[in-house]
Structure formats: structure tokens, C-alpha cells
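Worksheet for the structure shown next.
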2 protein chains.
Amino acid sequence: MAKIKNKHNATKKEVIVEAATRLFREKGFKAASMRDLAEAVGVEAASLYNHIQSKEELLQEICFKVANAFNQHCEEVENSDLGSIQKVEAILRFHIRMMLEQYEMVIVADRDWKHLSDPYLSNYHNQRRTYRKRLAGIIEKGIENAEVKPVDAPTVVLIMLHAVNGIESWHRSKEKISARQLEENMVLIMIDGLKA
Amino acid sequence: MAKIKNKHNATKKEVIVEAATRLFREKGFKAASMRDLAEAVGVEAASLYNHIQSKEELLQEICFKVANAFNQHCEEVENSDLGSIQKVEAILRFHIRMMLEQYEMVIVADRDWKHLSDPYLSNYHNQRRTYRKRLAGIIEKGIENAEVKPVDAPTVVLIMLHAVNGIESWHRSKEKISARQLEENMVLIMIDGLKA
DNA sequence: GGCCAACTAACTGCCGTTCGTTTGTATATT
DNA sequence: AATATACAAACGAACGGCAGTTAGTTGGCC
């Protein structure tokens, strides 16, 4: 009954999910076929179904892995005793690091979650809405105690969450600055603005 | 030979492209079918081909309409005698307004351009790269004459171009602030930062 | 009568998935 | 040590369905 693992200590299902993550990121969920995926894994398409239930299950795994990571971190930050702007910075930095280290699954979740079907679709959709509200709440608190400029909090959330998606292009660029430099630049720009 | 126009002074092909833009934005290019599109236009799928050549042609029209708009505006700004930070702000505001007024085609172009095939694919890809380099150039000029903070210019470009994509969520949100307020908030945050 | 644009019908091809079977291997039995 | 058993995991073939697209035809308008 023990799960069969390969050399890297990973279930075959985990191997499939990893390959699917790469493939979905590259082609998009709809455009990636199970035969593509099978080839990437080194197996016939039919064999995949010994380990997974459906194509959508793969998308579910990816989406909720990402959602859980962000929710868990957000909760930690909320329960900390950091100042408002420090909380915002902490969350921003977490998003940046996720995009640096796990960007394929973050992008797939962000771009393709709409291809989930209920009840997963509405579940994910709710989590997304809730997360943004929590983040907006932190920012509004910061505005109240004058740590943050008086701006529209939901707009800040939009900007922050989408700005980090730009890191996808960084991964593909030739002349990369270091990950560390990228993070510091992004935080500086978002928190302190562009103007000298 | 004169093009047949309908009541709104639009070619039937233009009507189809508009419906396709809405449909592609909603479902994604791959997931949207020609039969879906036909239904939206009020016609059978086969009838579409009296006006268009292929599904991909629709995507081409959308992508290059967007690309041309941004390239043209960028050129105007470059040739103006504005200061560096004003140039950046002008381009940022143009992106915001495009996302406010034409967001469906902007999003489709940005999300689905990878489904183009050569030579359109590499053409679009090149235009995209060139545009970002031009924008980075403006920012670097601004850093040289101390109008802009000494930050990594390509990173600024990434942030700016992706941040405006957040406006897609604004369109769907219930309690919207006005478009005018949104624009001013976004510009303020990007140019002056979050910190009070 | 000519022509544009709609229709119905159908084709090819790929999609996700299922089926029944074979293969390989780890364990139990002799 | 050799053989039999059991079971996970691979396979090839095929399914129904929907995709984009084509062909041939019909109807209506100048």
C-alpha cells in the first residue's frame, strides 16, 4: 500500500503534476493535450489515468496548492505584530518570491483557474475574493494610522498582485539582474514610487 | 464593391471581430469555438467564413490593432518635448485609458497572442520586445538626469505594464470607484509610491 | 439575372477518456 | 533456489464528441 516513489522521492502522480505545471504554463491549459503531457512524462496517454482521474484534477491540484500557500502566509502576516506598511511589504515580498521560485504554478493558477468547474470553480473564486479583501483591509488600516498614503485600497491590491506577474518576463529575459536585485527593486518602486 | 455596412456603420467583418473580442476575452482564444461566435453574431458557423478567412485571422486583427495603438502613441510621446517622468506618466495614462475603454481587446492580445502562428507570431513578439525597450530607454534617460530614482529600468517596465492589467478586475467589481479616480490613484501609486 | 450572404450537411482531425490486455516486479510458497 | 501468485502500471486500440473548415445550395435584393 505504500506509495511507489521514484529516485527523487516523488510519487508518480507528483511527477505528472509537475510536468503538467510546466506544460500548462507554456501552452495554456486548453491548448495542452494529454498526449503532450504523456510525452513529457515519457509514457502513453492512457497510462496517465492509472495515476490521475482527469485533466481537470491536475488543474485543481495546481490551483489549490497555490491558493493554500498564499492564504497560509497571509494569515501568518495578519497575526503578526508588524506595522501596516511592513505587513504589506511582507506580503509583496512573498508574492515576489513565489514568482521567482514557483512561477510556473503561480501563473497557471492565475491564468487558467477559470477552466475549473464547480464546485472547485466557485471555491477558488471565493478564496480569491477573500484574499484580496484581507489584503485591502491591511492597507486601509495603514491609511487610518497614516502609515500609507490616502489611496483607494482595492486599487493598490490590483496593482500589487498584477505587478508581480511581470516576473514571468524576467524568467525569459536574457540579461537578468539577480533575483535579489529584482526583489529589492520591485519593493522599492512599489513602496516608495518612481519619482526621485 | 462598396463594403456592406449595417446600421452602426460597421462592416459585417467588423461586427464579427467585435463579437470575437468579447468572446475571446471571456473564454480565452482556445476555449472559444466558432460555433459560440456564430451564435453571438446570430448566424450559423459556416456563414462566418463569407467574411473572414480563419479563426486565427480574428486573433491577428485583435492583436495588431492593439499593438499599433500602443506603438503609435509611444512614438508621439518619444518625439514630444516632455520631461522623462512626464513621458512615463503619459504612457502609463495611455495604458490605463486603453484598459478602461478597450480592455477586452487589450486583454485578449496580452493573454492569447501566443496562439498566433508564424509569421504573425514572431512579428508580434518582436514588436512587444521593441516596445518594452523603448519604454525602458525613456526611463533610463530619466535616471540619468535624476528625474527618476536609480532603479532597474526593465523592472519598472515589467511592473508598469502588468500593473495596469489589474483594471480587468475593476471592470468586474461591484463597488467601483470612478474611472477618473482609478486613473489618478494608479498614477499616484506608481509615480509616488505607497508610503506616506 | 447576377451576386452576396445565409443555409444545411459533411469532412477530417484531434480531444479526453475507457477498455481489455500485457508486462514487470516484489513477495509468498514450495 | 526455483516457481507461483498478485498487483501496480504500462500498452495499443478505440470510443464519442467537438473542433475548424469546406462544399454545394438556396433565398433575397438591386
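In what follows, chains are A, B, ... by sequence order, proteins preceding strands, each numbered from 1. Model, not experiment: these values are computed from the prediction.
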- Compute both the distance and the angle, then confirm whether B:K114 meets the cation-pi test with B:Y124: under 6.0 Å from the six-membered ring centre, within 45 degrees of the axis.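 Ring-cation test returns no.
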- Message: Below the 4.0 Å mark, does C:dA6 have OP1 or OP2 next to a side-chain nitrogen or oxygen of B:H51?
- Response: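 The answer is yes; a side-chain N or O of B:H51 sits under 4.0 Å from OP1 or OP2.
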- Query: Side-chain N or O of B:S47 less than 4.0 angstrom from OP1 or OP2 on C:dA5?
  - Reply: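 Answer is no, no contact under 4.0 Å.
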- Message: Within this structure, what is the CE-NE2 distance for the pair B:M190 and B:H95, rounded to the nearest 0.5 Å?
- Response: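 Answer for the CE-NE2 pair, B:M190 versus B:H95, is 11.0 Å.
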- Once you round to the nearest 0.5 Å, how far does OG of A:S178 lie from CG of A:L100?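 With rounding to 0.5 Å, OG (A:S178) is 9.5 Å from CG (A:L100).
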- Item | Beyond-backbone contact of B:L37 with B:L58, side-chain heavy atoms, under 4.5 angstrom |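 When only atoms from C-beta onward are counted, B:L58 and B:L37 do touch, with a gap below 4.5 Å.
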Take the protein atom [atom1] of [X] and the nucleotide atom [atom2] of [N], then report the distance between them rounded to whole Å.
{"X": "A:K27", "N": "C:dC15", "atom1": "NZ", "atom2": "C1'", "result": "13 Å"}
{"X": "B:L48", "N": "D:dT22", "atom1": "CG", "atom2": "P", "result": "13 Å"}
{"X": "B:I16", "N": "C:dA5", "atom1": "CD1", "atom2": "P", "result": "10 Å"}
{"X": "A:L37", "N": "C:dT17", "atom1": "CG", "atom2": "P", "result": "11 Å"}

- What about the rings of B:H125 and B:Y131, do their centers lie closer together than 6.0 Å?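 No.
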- Task: Could you check whether B:E44 gets within reach of a base, just the sugar-phosphate, or nothing at all, counting any heavy atom under 4.0 Å?
- Result: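 Answer is base: heavy atoms of B:E44 come under 4.0 Å of a base.
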- For A:Q127 and A:N123, test the side chains for any donor-to-acceptor distance below 3.5 angstrom and give the result as yes or no.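 Yes.
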- Compute whether any side-chain donor of one residue and acceptor of the other, for B:D152 and A:Q181, lie under 3.5 angstrom apart.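 Short answer, no.
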- Query: Can B:K87 and B:E78 be counted as an ion pair, charged N to O under 4.0 angstrom?
  - Reply: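 No, no charged N to carboxylate O under 4.0 Å.
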Show the distances under 3.5 angstrom between N or O atoms of the protein and N or O atoms of nucleotides 22-24 of chain C.
none

Pairs under 3.5 Å (N/O, protein and nucleotides 16-21 of chain D):
unit_1	atom_1	unit_2	atom_2	d
D:dG20	OP1	B:A32	O	3.3
D:dG20	OP1	B:K55	NZ	2.7
D:dG20	OP2	B:M34	N	2.7
D:dG20	N7	B:R35	NH1	2.9
D:dG20	O6	B:R35	NH2	2.9
D:dT21	OP2	B:Y49	OH	2.5
D:dT21	OP2	B:K55	N	2.8
D:dT21	O5'	B:Y49	OH	3.4
D:dT21	O4	B:R35	NH2	3.4

- Specify whether B:F94 and B:H73 have parallel, tilted or perpendicular ring planes, treating 30° as the upper limit for parallel and 60° as the lower limit for perpendicular.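 Parallel: the ring planes of B:F94 and B:H73 meet at under 30°.
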- Side-chain donor or acceptor of B:N50 under 3.5 Å from a matching atom on the base of C:dA6?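 Checked by distance alone, the answer is yes.
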